[in-house]
Every structure is written in structure tokens, then in C-alpha cells.
Peer 1: 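Next up is a structure, given as C-alpha cells.
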Amino acid sequence: MGPSGSGKSTLLHCLAGILRPDAGEVHLLGQRIDALGERRRSALRRTRFGFVFQFGQLLPELPAEENVALPLMLNGTPRREAVQAARSWFGPLGLGGLEGRRPGELSGGQAQRVAIARALAPRPAVVFADEPTGALDQATGHETMRLLTEATRHNDASLVVVTHDPSVARWCGRTVQVSDGRVRQPVPGAA
Ligand SMILES: Nc1ncnc2c1ncn2[C@@H]1O[C@H](COP(=O)(O)OP(=O)(O)OP(=O)(O)O)[C@@H](O)[C@H]1O
Ligand SMILES: [Mg+2]
């Protein structure tokens, strides 16, 4: 958490291997990842990390199920198998029947749940979410956080969330305050 421009997204992008930090180190499971070359960082992003953004960033021309299947296919899963695996996420996320809809035909909350499925389907070790409820009303945001935390826990993955909203932060086990590009104090939050 932290004010606008404090460096939350930048920190998330450094942790996720999208940006290479000028200083400092990023470690994942004992491996230093900030020093890896672009190819290996890109492979790491595809296989170990999942991403959820403020605006779903789904591909508008693809049906919801293909949006979810796409990262699996990029990791080498055959198309039919990937779509089957993708479909298995729709029921548990309350999206049953919406598999064939294009993103433009979904509500903001539904699109965000498709983005959660897309992030989790490849079974990442860490899910990064940058203001995942920023474009949603309070009730839909609450439901999105419930599903995001539940699905991440179910997958035994870790979840790193950037938010302005204290009610979103309450879903997390630990809150870190950032201001002017620095971590202020790690505050132990409610588990
Ligand atoms: N790749 C980069 N190199 C240098 N500076 C950057 C880079 N990306 C962002 N910045 C700057 O770093 C600062 C922090 O930006 P960042 O997007 O991380 O803020 P934020 O905390 O996510 O803000 P918001 O809440 O508005 O999303 C800004 O001043 C931004 O212009
Ligand atoms: Mg940001």
C-alpha cells in the first residue's frame, strides 16, 4: 500500500521479473532472478508467475475460455487439453455458462474472475495483482478478493497485492507500506 506514484507498481514489476531493478536483488526459491537474462526471466514469468491487473487485460477477440487457455498453450499444453483445463475454472469461480463469451460481453467483475482463472490456470508459485479491484464497486471487489485469495490458497501459491483500499488489504496476511520509492515499515496485518 502507498500513495499514488510511491512505487507500488514498479516494485511489483521488479519482483515479477518484468523490470530489472537498478539496485537490490530479487530471490525466488533460493534463486536470484533479477540477474537472469530476458529469455529466462520471460520463461519464469510464464511458468512460475501469474498476473492480475486493474483492467482485466483480456484479449477482446478471444472467448473467455481461450483467454484462460492461452497461457497454458504458450507453456506447451496442446490446445484441446488447455481449453479443457481452462473450462474447469469457470464453475468454481461462478462463471459457469460464460465460457464462450467475449470479454466485451462480460461485466467488470466477471472479466476480473476470468483474469483470475487465467493467472491461476498454469499453477504459478506466485500471483501478482496490481489494484485488482480498482475498477470494481465495493461488493464486487470484495467478492473478487474472496475468490482470488481462495483460489490462490487452493493452489498453494503466494499472492502479492497492490491496493489503495484498506478493505482489500485486510484479505492479506501482511501489509507493507511504500512511500517515495521506499518500504516504510512492514506492518503485520490480520492473517
Ligand atoms: N521503469 C521506470 N524507470 C524509472 N522510473 C519509473 C519507471 N516506471 C515508473 N517510474 C516512476 O516511478 C514512480 C512510481 O511509479 P509507480 O507506477 O510504481 O507508482 P504507483 O505507486 O504504482 O502509483 P499508482 O498508485 O498511481 O499506480 C513514478 O514517479 C513513475 O513515473
Ligand atoms: Mg500503480
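Just so you know, ligand 1 is whichever comes first in the structure, and atom 1 is the first atom listed for that ligand. As the structure is a computational prediction, the values presented were derived from the model and not from experiment.
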Peer 1: Verify salt bridge (Lys or Arg N to Asp or Glu O under 4.0 Å) between R79 and E66, making sure each step is shown before the conclusion.
Peer 2: CA-CA 9 Å; R79 191 171 192 290; E66 288 185 26; 3.2 Å; yes
Peer 1: Are the side chains of R46 and R41 in touch, meaning some heavy atoms are under 4.5 Å apart?
Peer 2: no
Peer 1: Using side-chain heavy atoms (C-beta onward) and a distance below 4.5 Å, is R146 in contact with W171?
Peer 2: yes
Peer 1: Near the Mg ion (ligand 2), is there an N/O/S atom from S4 that is less than 2.8 Å away?
Peer 2: no
Peer 1: Does a side-chain heavy-atom distance below 4.5 Å link E99 with P63?
Peer 2: no
Peer 1: Angle class for the F49/F51 ring planes (parallel below 30°, perpendicular above 60°, tilted otherwise)?
Peer 2: perpendicular
Peer 1: For ligand 1, list the protein residues that place a heavy atom within a distance below 4.0 Å of one of its atoms, sorted by chain and number.
Peer 2: P3, S4, G5, S6, G7, K8, S9, T10, L19, E131, H164
Peer 1: side-chain contact (heavy atoms from CB on, under 4.5 Å) with S88: which residues, sequence neighbours excluded?
Peer 2: none
